[in-house]
Amino acid sequence: MDKMKAITVYGPRDARMEEVPKPIATENMIVMKVLRTGVCATDSSIYTGESSFIKSGEIVYPCRFGHEWAGIVESVGEKVTKFKPGDRVYADNFTSCGICDICRSGDYTACPDLRSVGTVDCWDGCFAEYMLMPEHHVYHLPDEVTMDEGALIEPGSIAYDAFRNVSLSDNDTAVIYGTGAIGLICAWMAKYLGAGQVILVGRTDAKLQKALEVGADKIINCVKEDAVSKILQLTGGKGASFAIETSGAGSALKQCILATRRYARISVISFYERNLDDIPMDNLVLGCKSLVGAAGRYGNAPAFCEMIVNNPIKLTSVISHHVPFENCLDVFEQEENYRSTKIKIMIDFQ
C-alpha cells in the first residue's frame, strides 16, 4: 500500500509526523494532494490539550488535526462525476453521509453522522500530504484564486457566518475585536459588504496596521486607550450597529456589548475554553441587542470563495509565515517563537 506523511496528535504536546497509509478513492470519494494548510488556534489547543472539546470528550486522541487547506485532485472514485485528476480544489470543514433523508434535502450540516475535519468526531485532517473527502463536500478552486487564498477559504467561511442575516450600509459602523486571521477577514468582509465605518480593536500595533490594508477605516489599540470610549466617540456617542468578537477574551465580549447601540447585532466567533462571568446582560437586554454564535455551515465556503474572486482587495496580507511541511511540528513545539508576529501561518507542501 502507498504511504504518505501525516501528523497525528496522540496526547497533550505529543504530535508525531509518521508514514501512514495513503487514502484510496472509491465510490464517491476523492483523494486530493494537499498544497497549502493553514494553522488554526483550534489546532494549537488540540496540540496542547487545552481545547474545551478535548475536555468534553468531543475530540479524542489520537487525532489527525488540520482543517484549512487547498490542493489538487489526485484520484477519484468510480461514482465521482464532477472532478478529475489535476483539478484545483478546496472543501468544507465537515463531512456528512450524503444518503440520509436530511442530506438528500440538502441540509448536510444537520446530518446525524456529521464529522468535523480534524476536530470534533474527527475526520482525518489536512496536516497530511493527501486528503480524502466525499464529492458533495468538494469544490472547484477558481483559476484566479491562489492556493494561499484557497486555504483561507475555511477560516473565511467561519467569518462569513457572522454576517448571515446582516445587512450593512453607509450608515452602519462595524466593530471587530481581534487581530487574528478571522478578525482581519471580518474587517475585509464588513467593508466589502457595505459598512460605512469599520473599526478593528486589538493589542498589537503591527497586526492592527494589517487591518488598514484589508479595509478597516479605524484601528484601536485597547492596551493604549479605552476602546469603548473611542468607539462611542467615533460613532457620535451612539455606538456601533454591528460587532464581531473573534479574540476569545471575555473582556472583549463585554466591550462589544457596551460599545454597541440599541438593536445592535453582536456575532461571536470565538471559543473561550471556559464559562464567562462579568458579562453586562442588563445592557444587552435593555438595548434589545442580539447575541449570536457564528460557526461553519454548509454553503459558507463557496459563498466566501466568490467574495475572494470579486473583492479587489487581496487577503494574502494576513498570511504572516510560510513554513515547509517538513518543519511543521516546529510551529507547535516552538510556539513562543511565532507568538508575537503570527497572524496566519501557512504550511507549504510544494
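Computed from heavy atoms alone, side chains included, the values below leave out hydrogens, waters and symmetry copies. Treat the numbers as computed from the prediction; the structure is a model and nothing was measured.
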Problem - E135 side chain to T81 backbone, donor-acceptor under 3.5 Å - result: yes
Practice task
Using a 4.5 Å cut-off on heavy atoms from C-beta on, say whether the side chain of I30 contacts that of L132.
Solution key: no
Problem - Heavy-atom side-chain contact between C288 and R262 under 4.5 Å - result: yes
Problem - For P142 against V309, the heavy-atom pair lying closest together - result: CG-CG2, 4.0 Å
Practice task
Considering only NZ, NE, NH1 and NH2 on the basic side and carboxylate oxygens on the acidic side, decide whether D217 and K191 come within less than 4.0 Å.
Solution key: yes
Problem - Under 3.5 Å: donor-acceptor pair, side chain of Y298, backbone of A110 - result: no
Problem - Among F53, F332, Y47, Y10, the one residue meeting ring pair (Phe, Tyr, Trp, His ring centres under 6.0 Å) with F65 - result: F332
Handout entry: Rounded distance [0.5 Å steps], OG in S247 versus CG in L253
Key = 8.5 Å
Exercise for the section: Kindly check if the number of other-residue, nucleotide or ligand heavy atoms within 6.0 Å of CG (D277) is above 12? Expected result: no
Completion exercise
Output for pair (I153 CD1, N93 CG), nearest 0.5 Å, gives 12.0 Å
Problem - Charged N-O contact under 4.0 Å between R64 and D124 - result: yes
Practice task
Start with the C-alpha distance between F94 and C111, add both sets of side-chain angles, then the distance that settles side chain to side chain contact (heavy atoms under 4.5 Å, CB included), and finish with yes or no.
Solution key: CA-CA 10 Å; F94 63 93; C111 175; over 6 Å; no
Handout entry: Residues K55 and E273 bridged, charged N to O under 4.0 Å
Key = no
Problem - Non-hydrogen side-chain atoms of I319 and L152 separated by less than 4.5 Å - result: yes
Exercise for the section: Take Y130 and F349, measure what ring-ring contact (aromatic ring centres under 6.0 Å, His included) needs, and give me the verdict at the end. Expected result: CA-CA 10 Å; Y130 295 91; F349 289 76; 9.3 Å; no
Exercise for the section: Kindly state whether the ring of F127 and the ring of F325 have centres lying under 6.0 angstrom apart. Expected result: no
Problem - C328 and I7: CA distance, side-chain angles, deciding distance, side chain to side chain contact (heavy atoms under 4.5 Å, CB included) verdict - result: CA-CA 9 Å; C328 180; I7 297 176; 3.6 Å; yes
Problem - Minimum side-chain heavy-atom gap Y108-P134 below 4.5 Å - result: no
Problem - Check: K207 side chain, K342 main-chain N or O, donor-acceptor pair, under 3.5 Å - result: yes
Practice task
Give the C-alpha distance, both sets of side-chain angles, the deciding distance and a yes or no for side chain to side chain donor-acceptor pair (under 3.5 Å) between T179 and K210.
Solution key: CA-CA 8 Å; T179 53; K210 290 290 183 184; over 6 Å; no
Exercise for the section: Could you tell me whether the side chain of D87 reaches within less than 4.5 Å of the side chain of I72, counting heavy atoms only? Expected result: no
Handout entry: Whether over 12 other heavy atoms sit under 6.0 Å from R203 CZ
Key = no
Problem - Main-chain N/O of G77 paired to T26 side chain as donor or acceptor, under 3.5 Å - result: no
Handout entry: Salt bridge E326-K5, side-chain N to carboxylate O under 4.0 Å
Key = no
Handout entry: Student check: side-chain heavy atoms of M131 and W69 closer than 4.5 Å
Key = yes
Problem - Polar side chain donor-acceptor pair, S157 to E154, under 3.5 angstrom - result: no
Exercise for the section: Please report the shortest heavy-atom distance between G66 and D43, naming the atom on each side. Expected result: N-OD1, 3.5 Å
Practice task
Would you check if I220 and L200 make a side-chain contact, meaning some heavy-atom pair closer than 4.5 Å?
Solution key: no
Exercise for the section: Ignoring hydrogens and angles, state whether a donor on the side chain of K344 or S320 is under 3.5 Å from an acceptor on the partner side chain. Expected result: no
Practice task
Heavy atoms only: give me the nearest C63-I59 pair and the separation to one decimal.
Solution key: SG-CG2, 4.1 Å
Practice task
Apply side chain to side chain contact (heavy atoms under 4.5 Å, CB included) to the pair E213 and K314, showing each step before the final yes or no.
Solution key: CA-CA 9 Å; E213 294 180 23; K314 295 298 182 183; over 6 Å; no
Problem - L212 atom CG, neighbour heavy-atom count above 12 within 6.0 Å - result: yes
Practice task
Please determine which of L168, T173, I266, I176 meets the side-chain contact (heavy atoms from CB on, under 4.5 Å) test together with F242.
Solution key: L168
Practice task
Report yes or no: do Y90 and E68 form a side-chain donor-acceptor pair below 3.5 Å?
Solution key: no
Problem - Same apolar cluster (I L V M F W Y, side chains within < 4.5 Å links), Y272/V292 - result: no
Problem - Whether S229 side chain and D226 backbone form a donor-acceptor pair below 3.5 Å - result: no
Problem - Lys/Arg N to Asp/Glu carboxylate O, D14 vs R16, below 4.0 Å - result: yes
Practice task
Kindly say whether D121 contributes a backbone atom to a donor-acceptor pair with the side chain of R115 at under 3.5 angstrom?
Solution key: yes
Problem - Residue pair Y139 / D92, side-chain donor-acceptor N/O under 3.5 Å - result: yes
Problem - Under 3.5 Å: donor-acceptor pair, side chain of R104, backbone of I99 - result: yes
Practice task
For the pair R261 (side chain) and G237 (backbone), establish whether a donor and an acceptor sit closer than 3.5 Å, ignoring hydrogens and angles.
Solution key: no
Handout entry: Test item: D172 side-chain N/O and S169 main-chain N/O as donor-acceptor pair under 3.5 Å
Key = yes
Handout entry: ring-ring contact (aromatic ring centres under 6.0 Å, His included) evaluation trace for W188 with F304
Key = CA-CA 12 Å; W188 175 88; F304 184 76; 5.5 Å; yes
Completion exercise
Distance col, row E245:CD vs C186:SG, nearest 0.5 angstrom, shows 10.0 Å
Exercise for the section: Verify the distance criterion only: is there a donor paired with an acceptor across the side chains of S116 and H67 at less than 3.5 Å? Expected result: no
Problem - Donor + acceptor pair across side chains of D148, T316 (<3.5 Å) - result: no
Problem - Distance, nearest 0.5 Å, that separates CD1 of I345 from SG of C40 - result: 11.5 Å
Practice task
Please say whether more than 12 non-hydrogen atoms of neighbouring residues, nucleotides or ligands are located less than 6.0 Å from NZ in K218.
Solution key: no
Exercise for the section: Kindly give the heavy-atom pair with the smallest separation between A227 and V201, and that separation in Å. Expected result: CB-CG1, 3.9 Å
Practice task
For residues S105 and I102, report the shortest heavy-atom separation together with the two atoms involved.
Solution key: OG-O, 2.5 Å
Practice task
With the side chain counted from C-beta on, respond yes when R164 and R297 share a heavy-atom pair under 4.5 Å apart, and no when they do not.
Solution key: yes
Exercise for the section: Would you check, one step at a time, whether the test side chain to side chain contact (heavy atoms under 4.5 Å, CB included) holds for L291 with V268? Expected result: CA-CA 7 Å; L291 183 64; V268 182; 3.6 Å; yes
Exercise for the section: Determine whether more than 12 heavy atoms belonging to other residues, nucleotides or ligands lie under 6.0 Å from atom CD of E335. Expected result: yes
Handout entry: Atom pair CE (M29) and CD (E78), whose distance is rounded to the nearest 0.5 Å
Key = 11.0 Å
Problem - Donor-acceptor under 3.5 Å (E306 side chain, A303 main chain) - result: no
Exercise for the section: Supply the atom-to-atom distance I343 CD1 to T204 OG1, rounded to the nearest 0.5 angstrom. Expected result: 9.0 Å
Practice task
Please check if atom NZ in K79 has more than 12 non-hydrogen atoms from other residues, nucleotides or ligands closer than 6.0 Å.
Solution key: no
